[in-house]
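Before any comments, here is the structure.
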Amino acid sequence: MSKFENGLGKSANRRSFLKNGMAAAGAATVGAAGLLAGRVPVSDQEDEKSGKLTKGDAAILRFLAAAEILETDLWVQYNELGGVQDSEVPGGSGSAPYTTALQVLDGDMPQYIHDNTEDEFTHEDFINAYLTSKGADIVNLDQFRTLPSSTATGARQIGRLTNLMELTVDTSWWTRYRSRTMNPDFGDTFPQAVPSLAVGRHPAIPRTDDDLTPNDHIQAIANTAGFHFGTIEQGGTSLYPSLAQRVTSVEVLRIVLSIGPTEAMHFQTWHDKAGNAPPLTDPKDTTLVFPNLNAPPFGGEDFQTNLIMPEPTIFLSRSLPVCSIVRPTGTKGAAMGAANFLTDMGLFRGQSPAFFALLRDLAEDADDAKRES
């Protein structure tokens, strides 16, 4: 187990974060630097309890459980305001103006948001239950539910793990999946579909009822959500096959390979809907511009907005034929890459140093996993 110092200078035992969530988190907050630069000291390394699983398999499942808990938290917020609130996904009462703006992207958006939310609940519940069944430590992040909710009508006033009101959204997945000659596993980089989303801090849900007007402003928020949906789910699509390459147990491999494709189903859905985001400039933030994606510098056969399947591209070796694939799937540093990616988009703005230390620690353990014979 690891021990790290929180912002108040008190030690926090990582196993308590994993197993029962009873440790106290630090009161100070950090941004991305808290994860990337390792500002919270980590010491006294020991292993978490792995039970009947190999150390590596337990570490991979714990990181995936943490990722699913975080993903569930953000999808719950979207569902409260723009999805279907029912016994399957309870909470919130909806925001009619926000829901209407989301339906500009697709009339079935509330149902899709609901179903994506339900899926993430089942993923986190199953992985933690499986860890328990094998006598391994689980992940519980409840003590980090300290971030504020939107105060817009329809949202519950409860603590959150994630922040959807100050996002910097990477939309390079749009061009990456349409490239026939490049692959991020080869070090290639890709232009942003919506460059202004990749800088600054933008809400993806209404922060207050003041965000519900004028129409182009709430539509800009819905457009931001539409692209954020794809950004989140393309990450999960890559994370599962990347970590599967380090798994030892056939049963654990079956879990990872069975959950991963559902993330790809989510991603393809949101890829389709993002293409319907209407071009506009946010009247309350004129730096935020959603371009016409059917016009230059995009447009044409490879960039028309009704394309949602991966174009074939290079894979494993440039000497081999192109192949339609998930990208990236390189396994080196995959967990830390995912943790940094989520942090860089501002999803955890306002979280405590202890949160960033735990996320970094879980990612390091997953990346240290090796397939055992």
Side-chain angles (χ1 to χ4, degrees), residues 32 35-36 67 71 74 105 164 166-202 204 220 223-242 263-264 266-277 279 282 287-315 322-349:
L35 180 63
L36 300 177
E71 199 173 6
L74 69 89
L105 279 63
L164 299 181
E166 300 179 78
L167 294 176
T168 304
V169 184
D170 186 334
T171 59
S172 63
W173 54 267
W174 179 273
T175 54
R176 183 194 328 141
Y177 270 91
R178 290 152 186 266
S179 174
R180 296 173 179 267
T181 60
M182 299 191 296
N183 182 334
D185 285 330
F186 287 77
D188 296 322
T189 58
F190 303 84
Q192 300 286 333
V194 186
S196 55
L197 264 185
V199 295
R201 301 183 181 188
H202 310 286
N223 286 5
T224 298
F227 277 96
H228 187 234
F229 296 166
T231 299
I232 288 292
E233 297 301 324
Q234 61 85 26
T237 296
S238 288
L239 181 61
Y240 276 86
S242 295
E263 302 287 345
H266 298 160
F267 171 52
Q268 188 172 44
T269 298
W270 301 126
H271 190 158
D272 184 30
K273 306 318 166 195
N276 297 329
D282 185 347
T287 67
L288 179 56
V289 179
F290 290 89
N292 181 351
L293 293 173
N294 282 312
F298 300 123
E301 181 181 355
D302 287 344
F303 286 98
Q304 61 193 59
T305 54
N306 64 347
L307 298 181
I308 61 172
M309 299 180 187
E311 294 296 343
T313 193
I314 54 173
F315 182 46
V322 295
C323 185
S324 183
I325 54 163
V326 169
R327 60 197 84 163
T329 55
T331 189
K332 183 177 180 181
M336 188 62 73
N340 287 341
F341 176 74
L342 295 174
T343 301
D344 287 346
M345 76 172 66
L347 196 61
F348 309 130
R349 282 194 175 105

Is [Y] close to [X] at the side-chain level, that is, under 4.5 Å between some pair of heavy atoms?
X: L347; Y: L164; value: yes
X: L105; Y: N223; value: yes
X: E233; Y: T269; value: no
X: V194; Y: V169; value: no
X: S196; Y: T287; value: no
X: R349; Y: T168; value: yes

Indicate every side-chain donor-acceptor pair of residues 297-305 with a distance under 3.5 Å to a residue at least two apart or in another chain.
residue	atom	partner	partner atom	Å
D302	OD1	R180	NE	3.0
D302	OD1	R180	NH2	3.3
D302	OD2	R180	NE	3.3
Q304	NE2	N306	OD1	2.8
T305	OG1	N294	ND2	3.1

Kindly write out the residues that satisfy side-chain contact (heavy atoms from CB on, under 4.5 Å) with P310, not counting sequence neighbours, or none if the list is empty.
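P310 satisfies side-chain contact (heavy atoms from CB on, under 4.5 Å) with Y177, S324, R327 only.
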
So, using side-chain contact (heavy atoms from CB on, under 4.5 Å) as the criterion, who are the partners of A338 when residues are at least two apart?
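Partners of A338 under the side-chain contact (heavy atoms from CB on, under 4.5 Å) test: F63, L239.
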
Looking only at heavy atoms, what is the nearest atom pair of I308 and D272, with distance?
CG2-CA, 3.3 Å

To check you understand the geometry: which heavy-atom pair defines the closest contact between A220 and L288, and what is its length?
CB-CD2, 4.3 Å

Give the ring-plane orientation class for W173 versus H271, where under 30° counts as parallel, over 60° as perpendicular and anything between as tilted.
perpendicular

NE2/H202 to CG/L167 distance, rounded to the nearest 0.5 angstrom?
9.0 Å

Can you tell me how far CZ of F341 sits from CD1 of I232, rounded to the nearest 0.5 angstrom?
6.5 Å

